[in-house]
There are 2 protein chains.
Amino acid sequence: MTAAANQSGRRPTTSRRLERAGIRDVAAAAGVSITTVSDALNGKGRLPDETRSRVREVAERLGYRPSAAARTLRTGRSGLIGLTVTTYGEEPFTFTEFAYFAEMARAATSAALGRGYALVVLPASSRHDVWGNIALDGTVVIDPPDQDPLVSELYRSGVPVVSDGKPGNCPVTAWVDNDHEAAVLGILDHLSEAGARRIGLLTGTSTDTYTRLSTEAYLGWCAKVGQEPVYETYPAHDPAAGAVAADRLLARPDRPDAVYGLFDPNGTDLLAAARRYGLRVPEDLLLVCCSESDVYATTEPPITTLSLKPRKIGTTVVNLLIDAIEGVDSGTGVDIARLFPPRFRTAGTGPPPGTLMPTELIVRASSQRRSPRTTVSPPRPPGEV
Amino acid sequence: MTAAANQSGRRPTTSRRLERAGIRDVAAAAGVSITTVSDALNGKGRLPDETRSRVREVAERLGYRPSAAARTLRTGRSGLIGLTVTTYGEEPFTFTEFAYFAEMARAATSAALGRGYALVVLPASSRHDVWGNIALDGTVVIDPPDQDPLVSELYRSGVPVVSDGKPGNCPVTAWVDNDHEAAVLGILDHLSEAGARRIGLLTGTSTDTYTRLSTEAYLGWCAKVGQEPVYETYPAHDPAAGAVAADRLLARPDRPDAVYGLFDPNGTDLLAAARRYGLRVPEDLLLVCCSESDVYATTEPPITTLSLKPRKIGTTVVNLLIDAIEGVDSGTGVDIARLFPPRFRTAGTGPPPGTLMPTELIVRASSQRRSPRTTVSPPRPPGEV
DNA sequence: AGCCTTCGGAGATACGTTTCTCCAAGAGTG
DNA sequence: CACTCTTGGAGAAACGTATCTCCGAAGGCT
């Protein structure tokens, strides 16, 4: 039994054996009250520096580590943020499957840590019992489907939710998304300027916002410029289906002379399909795809890609969420959250605040008829340093 | 004020406004005691099914969600597992930077979730205050450096730690690693059989276990077969340095006719370097590199890779950790953890239990002089389905 | 009839903090 | 001297759950 526990007069019968030192032990050892210890360690209250440092030293000596669980219970803050990615197909996660998710998650983790929060990776399926078992201060949801029951449940129970991807019909505290329409229009214009006469699209069958908005933008553009739409769809989560769809697109009688692929692997798939049909890129076929992968910088030829800037998105999403958690209204310091708890905030205030982030088109040889000058270091003979 | 809170007689003065329903509210609404509610919901105690279902129904109706914080405080279990990856260079994480980490993390997340735990991504630097703020049941550490203070601290405070990568000098509950020596020897034999006369190595400057063991295995093999070692080292976290080192290796007067690269990007780097020197792969240069990326299946030519099977590793690590947390001794059901808390378990019992996992060599064209028959679908004319 | 066992459940305590309230002693002030 | 104000700190009440202990009642057995 600890001497401190003895003095504190708490457990007279049960002897706490080798447990970690608690705040009581520190208080007893330093000859002060628990209040003083708490204040000293947390920098609150009014204490002379001498007491503060003495308490800190005693705590250090005893190896005192405050119990996160107790603190969470008392303060209602866990410092934990959920990160949820919608699941496609059998696998529980597409997490880190595509470069976009991986980079976004990394940026989000980093941003959260920078503000003292940690990220918990959670499945989108609410049946996993783990959801109820974790005290979350808020949640980031990537690409929530319409009417997501999980998001509704979270929001209803007062947990702030910020989504990456404009939510369909579920209530969120805030959302961040790319300006997909502008991105697609920009690409179509870019291809037109490069000489494309008939631009095709490789798109997905699912109904998520990204796919929907991008496809609509394409169709709208076609209607405006008077081009017959030329597109193929496939289930985006199935890599094999992508190659087949790429092949299908180039096999059409009205074969396009330029293609934009909405998903990461489309670039290599389209390149392979073009090769099979003996089409030269960019001479016979202009190519652009949406990807965060840098392999497209070294393909033959390098492929123009659209970056959704996942790092920026991840950072923004997390910062928005933490702002909501801490009740900061973008720097005004007004404690909005306390005045209007989340469950009431949208009542009558219209749609939740959304932020549109710009994308970046990384132009490479595949989308330029006149291929840009590439810097190639000349081969050096062996032996030369 | 809730009627239940009124009846319970607890807070007579302060009115709890719109807070979530607690276990007391459920008890009051169901006309039973708190004990009964807890037992009914957790499937403990001895209760008739009628009471159990009635309580469950009331809880459901009230939207009762047990407080994770309170449960954690009471039971000492949070259901949270830390996932730490050592940081190289400036970036806070290499998390998901390499395919190995990404896949390993995904498998670990999945395995944890399957057993009712969630993963928290944490930085390896202990100065981040977030470490002390989270109740962790255990931690997975990827590739801990020798004498890692963080691991020591965790282990000392009784938190089980399982590492991916054989730990140098820090005490862990268990560890999992590949049999790097066997893997390297296997590759060297494979290259020899393919006709290699002088095998080179592209390796790293850092002292982590993987780099060290692999390099030592190479040197040992060289000594055994009487080949002069031919290798170049570079800081593995610097992508640009890899290309330079690859170039250096092929520029040597004693240029190797086969190379094994220890890191993921080495394949493309070596391929590019070979091209610069006019070396044909595999005719003039045999190539193997360690990578989880499937881009090497489609390079020109496809490159033979060594897979460390990160999914298997991630799953094993997590299961080992949870076994330790729950005190399960690999199925015997003996509660070892309770009998011997972690801090005493290594006293005299020698090194912590380690598991060596096999690797997999994925043989492709780059390491075979007689290139294997490749199945290439002949180009189909457009219009044909 | 008396005793033992099982059933169904209530009471109370502990988990380890944070924080609200309050108090004693000294210091300044009229 | 009587008073207020400030300083430094103590006491105790939560936070919401799990669980240990105990108890009455009903039935079974000798």
Side-chain angles (χ1 to χ4, degrees), chain A residues 2 4-5 8-16 19-28 30-55 59 62 64-79 132-135, chain B residues 2 4-5 8-16 19-28 30-55 59 62 64-79 132-135:
Chain A
T2 318
S8 77
R10 288 287 295 241
R11 312 176 195 72
T13 57
T14 61
S15 69
R16 54 168 2 188
E19 321 248 336
R20 280 169 37 191
I23 198 175
R24 277 191 306 272
D25 303 310
V26 178
V32 294
S33 74
I34 358 181
T35 308
T36 305
V37 175
S38 179
D39 284 349
L41 270 66
N42 296 336
K44 306 207 162 174
R46 309 162 305 183
L47 295 176
D49 287 347
E50 191 274 330
T51 306
R52 222 174 268 278
S53 56
R54 183 163 48 89
V55 170
L62 294 182
Y64 168 68
R65 293 279 174 274
S67 149
R71 171 174 296 165
T72 299
L73 177 59
R74 178 63 231 237
T75 62
R77 290 273 170 80
S78 66
N133 242 337
I134 299 180
Chain B
T2 318
S8 76
R10 289 287 296 241
R11 311 176 196 73
T13 56
T14 61
S15 70
R16 57 172 356 192
E19 320 249 336
R20 279 170 38 191
I23 198 175
R24 277 190 306 272
D25 303 309
V26 178
V32 294
S33 73
I34 306 185
T35 309
T36 305
V37 175
S38 178
D39 284 349
L41 294 177
N42 296 335
K44 306 208 162 172
R46 309 161 306 182
L47 296 176
D49 287 346
E50 190 273 330
T51 305
R52 221 175 270 277
S53 56
R54 183 165 47 89
V55 170
L62 266 49
Y64 168 67
R65 294 279 175 273
S67 149
R71 171 175 295 165
T72 299
L73 177 59
R74 178 64 230 238
T75 63
R77 290 274 169 78
S78 65
N133 242 336
I134 299 179

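Chain letters run A, B, ... following the sequence lines, proteins first and then strands; every chain starts at 1. If you're wondering where the values come from, they're calculated on a predicted model, not measured in any experiment.
Using a 4.5 Å heavy-atom cutoff, the side chains of B/S33 and B/T36 are in contact. Counting heavy atoms from C-beta on, the side chains of B/L73 and A/S67 come closer than 4.5 Å.
As judged by a 4.0 angstrom heavy-atom cut-off over every strand, B/L47 is placed among residues touching the sugar-phosphate backbone only. Residue contacts for A/R65: at a heavy-atom cut-off of 4.0 Å it reaches the sugar-phosphate backbone alone, with no base atom in range.
The OG1 atom of A/T72 sits 9.0 Å away from atom CD1 of B/I134, with the distance rounded to the nearest 0.5 Å. Between the CG atom in B/N133 and the CZ atom in A/R71 there is a gap of 5.0 Å [rounded to 0.5 Å]. Atom CD1 of residue A/I23 and atom OH of residue A/Y64 lie 4.0 Å apart, to the nearest 0.5 angstrom. With rounding to the nearest 0.5 Å, the separation of CG in B/N42 from CZ in B/R52 is 9.5 Å.
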Next on the checklist: Applying side-chain contact (heavy atoms from CB on, under 4.5 Å) to B/R54 and B/V32, what does each step give before you reach the verdict?
Outcome noted: CA-CA 10 Å; B/R54 183 165 47 89; B/V32 294; 4.2 Å; yes
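Using a distance-only test at 3.5 Å, with no hydrogens or angles considered, a donor-acceptor pair links the side chain of B/S53 to the main chain of B/D49. For the pair B/S38 (side chain) and B/T35 (backbone), a donor-acceptor distance under 3.5 Å is absent.
For B/T51 and C/dG8, the shortest distance from a side-chain N or O to OP1 or OP2 is not below 4.0 Å. Distances shown here put a side-chain N or O of B/S33 below 4.0 Å from the OP1 or OP2 atom of C/dA10.
Rounding to whole angstrom units, CG of residue A/D49 and P of D/dT7 are separated by 13 Å. Note: CG (A/D25) to P (C/dC15) measures 11 Å, nearest angstrom. Distance, B/R77 CZ to D/dT17 C1': 16 Å, rounded to whole Å. Distance, A/N133 CG to D/dG16 P: 17 Å, rounded to whole Å.
An angle of 50°, rounded to 10°, separates the two end axes of the helix from C/dA1-D/dT30 to C/dG30-D/dC1, each defined over five pairs.
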Checklist entry - Could you write nucleotides 18-24 of chain D as a row of B, S and -, 5' to 3', where a protein heavy atom under 4.0 Å of any base atom gives B, of only sugar-phosphate atoms gives S, and otherwise -? => result BBB----
